[in-house]
Amino acid sequence: MAHVNENYLKLPGNYLFADIAKKVARFSEAHAEAEIIRLGIGDVTRPLAPAIVAAMHKAVDEMGQAATFRGYGPEQGYEFLRRAIIKGDYESRNVSLQADEVFVSDGAKTDVACIQEIFGNDLTFAVADPVYPVYLDSNVMAGHTGDYNAAKKQYDRVVYLPCTAENGFKAQPPKEKTDIVYLCNPSNPTGTAMSRRELTDWVQAAKENKFIIIYDSAYETYITEADVPHSIFEIPGAEEVAIELRSYSKCAGFTGTRCAYVVVPHACKAYTADGRAVALNPLWYRRQCTFFNGTPYVVQRAAEAYYSPEGRAQCLADVAYYMENAHIIRDGLQNAGFTVYGATNSPYAWVQTPNGMKSWDFFDLLLTKAHVVTTPGEGFGPHGEGYLRLTAFGTRENTIRAIARIADLKLFR
Ligand code: PLP
């Protein structure tokens, strides 16, 4: 008799965005005339940059010629891309890396969900609350948690790090014993970002308490403040205690093209049960060689083009476009009386619901009265209750119209 992985049964419902999609579909069916604007899911709307499209065309032509055709590539990515990453994302910030510390993949969601596999089955992990749901759900599926406690809306055996207005929505190092900690900086969903000082404290805490930081910097291109590091490896010593994940989804519009990478420094080590230090890099290499046959050549050429002067300039122009949307959301809602966080180093605005309204109720109100789709904060964890996340990835026109519609509800009169 085949048994199911019962850890899956602990998950209380669908993936958050599947629930939202269902609600929106139900509303649309009943109100076909309503013109819905989506500022919910963090998907981009700007097309790929011309330099990236040109590189893809060229790579497709190469694949069509016997002399330049490529079959399976290196599991950890072509050297041309890994070198471009090191030069463009790290040496430019005085961080030196070796090519075999970089692992190219087909998306940060895959990496974030799978990285826990190289740690012990008995691991204890910590996540910010609210949090990008994949960190938590992937560990639930792997059996790293207890049951879901419906009253607390939390899993047993997980260390939650509350992010509230009082602590500036910044997770503080755990006091409990923890083996790995997921940190997203700038944060999805709250849009806030930790400073150099704060990250230095995290690295110090990881060294003292021997935990590993899984550092997700999917939104690093959106950083505008000088005091916010773009990579955790800008902090001295972080290479001993951190793994960094990056994605081309939000910096180069690759949500449908799919490319990302993980940096596992040689110096980063965890321990066997009898206390022997083991480097994590060969473990991730072994894992990738077994489970993954590489990111498509055409896509890796596309990612490489992101680092060309034209590619970078074109992508940064798109990031600036989204950041202007973020400011339209932040300023427009603040003028309408809302309290808004984020949207300074991030394409996300974290908006307090009016008059203590529950986040799903406010989501429903905006859907039914303004025809604007948002993401209820509670979907990201219990401390997200009382907030909504709005994304700046819409078109300019839709962003302006959505904010005008919300302001017209005059909820603070
Ligand atoms: N990490 C964070 C914090 C994200 O918000 C997202 C996507 O929204 C991802 C990872 C996944 O990125 P990718 O599209 O590369 O899978």
Side-chain angles (χ1 to χ4, degrees), residues 15-18 20-21 38-46 48 52 77 81 85 89 102-116 127-139 161 163 169-171 180-194 213-223 228 230-232 242-263 292 295-296 299-300 302-303 306 315 318-319 322 326 342-343 345-350 374-375 377 379-381 384 389-394:
Y15 185 57
L16 170 64
F17 294 102
I20 292 173
R38 290 165 205 276
L39 300 185
I41 195 163
D43 197 0
V44 294
T45 49
R46 307 283 300 156
L48 290 177
I52 289 173
L81 178 54
I85 288 167
D89 287 342
V102 179
F103 296 83
V104 176
S105 76
D106 63 359
K109 193 181 201 176
T110 322
D111 294 332
V112 131
C114 298
I115 196 79
Q116 39 83 17
V127 285
D129 170 18
V131 73
Y132 176 57
V134 180
Y135 309 147
L136 188 57
D137 290 1
S138 56
N139 276 286
L161 309 172
C163 296
F169 301 100
K170 290 169 187 177
I180 63 175
V181 181
Y182 292 82
L183 278 189
C184 184
N185 198 46
S187 153
N188 175 12
T190 67
T192 46
M194 281 188 269
I213 299 171
I214 310 294
Y215 189 78
D216 184 344
S217 53
Y219 298 96
E220 69 80 25
T221 333
Y222 291 83
I223 293 169
V228 178
H230 287 247
S231 163
I232 194 162
I243 290 174
E244 179 159 297
L245 298 96
R246 293 264 185 114
S247 167
Y248 297 95
S249 283
K250 310 298 160 75
C251 66
F254 273 44
T255 52
T257 304
R258 313 303 302 143
C259 195
Y261 66 85
V262 182
V263 176
F292 186 59
T295 307
V299 171
Q300 293 193 56
Y306 166 74
C315 290
D318 288 339
V319 168
Y322 293 134
N345 294 302
S346 151
Y348 295 123
W350 190 239
T374 56
T375 310
F380 297 103
R389 190 194 74 174
L390 270 71
T391 94
F393 289 124

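Keep in mind the model is a prediction, meaning the values are calculated, not measured. Order of appearance sets the numbers: ligands from 1, and atoms from 1 within every ligand.
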> Would you name the heavy atoms of A193 and V228 that are closest together and state the gap between them?
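So the minimum-distance heavy-atom pair works out to CB-CG1, 3.8 Å.
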> Name all residues meeting the salt bridge (charged side-chain N to carboxylate O under 4.0 Å, His left out) criterion together with D89; count only those two or more places apart in sequence or in a different chain, and write none if there are none.
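In terms of salt bridge (charged side-chain N to carboxylate O under 4.0 Å, His left out), with neighbours along the sequence ignored, D89 is linked to R246, R312.
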> Show me a pair-per-line table, with atom names and distances to 0.1 Å, of protein N or O atoms that are under 3.5 Å from an N or O of ligand 1.
| unit_1 | atom_1 | unit_2 | atom_2 | d |
| --- | --- | --- | --- | --- |
| ligand 1 | 1 (N) | D216 | OD2 | 2.6 |
| ligand 1 | 5 (O) | N188 | ND2 | 2.8 |
| ligand 1 | 5 (O) | Y219 | OH | 2.5 |
| ligand 1 | 8 (O) | Y219 | OH | 3.3 |
| ligand 1 | 8 (O) | K250 | NZ | 2.8 |
| ligand 1 | 14 (O) | S249 | OG | 2.5 |
| ligand 1 | 14 (O) | R258 | NH1 | 2.9 |
| ligand 1 | 15 (O) | A108 | N | 2.7 |
| ligand 1 | 15 (O) | S247 | OG | 2.7 |
| ligand 1 | 15 (O) | S249 | OG | 3.3 |
| ligand 1 | 16 (O) | A108 | N | 3.2 |
| ligand 1 | 16 (O) | K109 | N | 2.8 |
| ligand 1 | 16 (O) | R258 | NH2 | 2.8 |

> Between F103 and F292 (judged by ring centroids, cut-off 6.0 Å), do the two rings come close enough to count as a pair?
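For F103 and F292, the ring centres are not under 6.0 Å apart.
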> Might you work through the side chain to side chain donor-acceptor pair (under 3.5 Å) test for S231 and E244, ending with a clear yes or no?
CA-CA 8 Å; S231 163; E244 179 159 297; 3.0 Å; yes
> Are the side chains of Y322 and V44 in touch, meaning some heavy atoms are under 4.5 Å apart?
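A side-chain contact exists here, since the closest heavy-atom pair is under 4.5 Å.
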> For E220, does its backbone N or O pair with a side-chain atom of S217 as donor and acceptor, under 3.5 Å?
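Not at all, since once roles are kept as given, no pair shorter than 3.5 Å links the two residues.
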